[in-house]
Amino acid sequence: MTLKLADTMHDADFVVIDGVVFETEYVRVPDEFTVADDVVLEARHGETELEFTQADFEEAEHVADGFYRLARGHLLRFLTSATVH
């Protein structure tokens, strides 16, 4: 996984997966102790729940402007909520 992808995962409230916005239920930014079958992302959109492991992210490729393509073909981008003061 690229360092930049790990940075975008940090504090993400939402993730766009193949054009659909999901709310992040669980995000674990991988570290040196993370193994291939560890869950690093759980996301929900209505009744649909998706789960991704470290192995899903290992071959992620930066496509453009914060978008990454996973080895299995999913296109995703992590988003955080804006805070207005």
Is there side-chain contact between [X] and [Y], with at least one heavy-atom pair below 4.5 Å?
| X | Y | result |
| --- | --- | --- |
| L79 | R77 | yes |
| L5 | F57 | yes |
| I17 | L75 | no |
| L70 | F52 | yes |
| L76 | F78 | yes |

- Message: Whether R44 and E25 form a salt bridge (side-chain N of Lys/Arg under 4.0 Å from carboxylate O of Asp/Glu) is what I want to check.
- Response: yes
Could you go through residues 29-37 and list every donor-acceptor pair under 3.5 Å that involves a side-chain atom there, pairing it with any protein atom two or more places apart or in another chain?
from	atom 1	to	atom 2	distance (Å)
D31	OD1	F33	N	2.9
D31	OD1	T34	N	3.3
D31	OD1	T34	OG1	3.1
T34	OG1	R28	NH2	3.3
T34	OG1	D31	N	2.9
T34	OG1	D31	O	3.4

- Note on the structure: Heavy atoms of D11 and T80 approach each other most closely as O-CG2, 3.0 Å
- Task: Measure across S81 and D13 and return the closest heavy-atom pair with its distance rounded to 0.1 Å.
- Result: N-OD2, 2.6 Å
- Message: Would you say the ring centers of H74 and Y68 fall short of 6.0 Å from each other?
- Response: no
- Query: What pairs with F22 under ring-ring contact (aromatic ring centres under 6.0 Å, His included), at least two apart in sequence or on another chain?
  - Reply: H45
- Query: CG of D18 to CZ of R69: how many Å apart, nearest 0.5 Å?
  - Reply: 7.5 Å
- Message: Starting from F14, can I reach V20 by hopping between I/L/V/M/F/W/Y residues whose side chains sit under 4.5 Å apart?
- Response: no
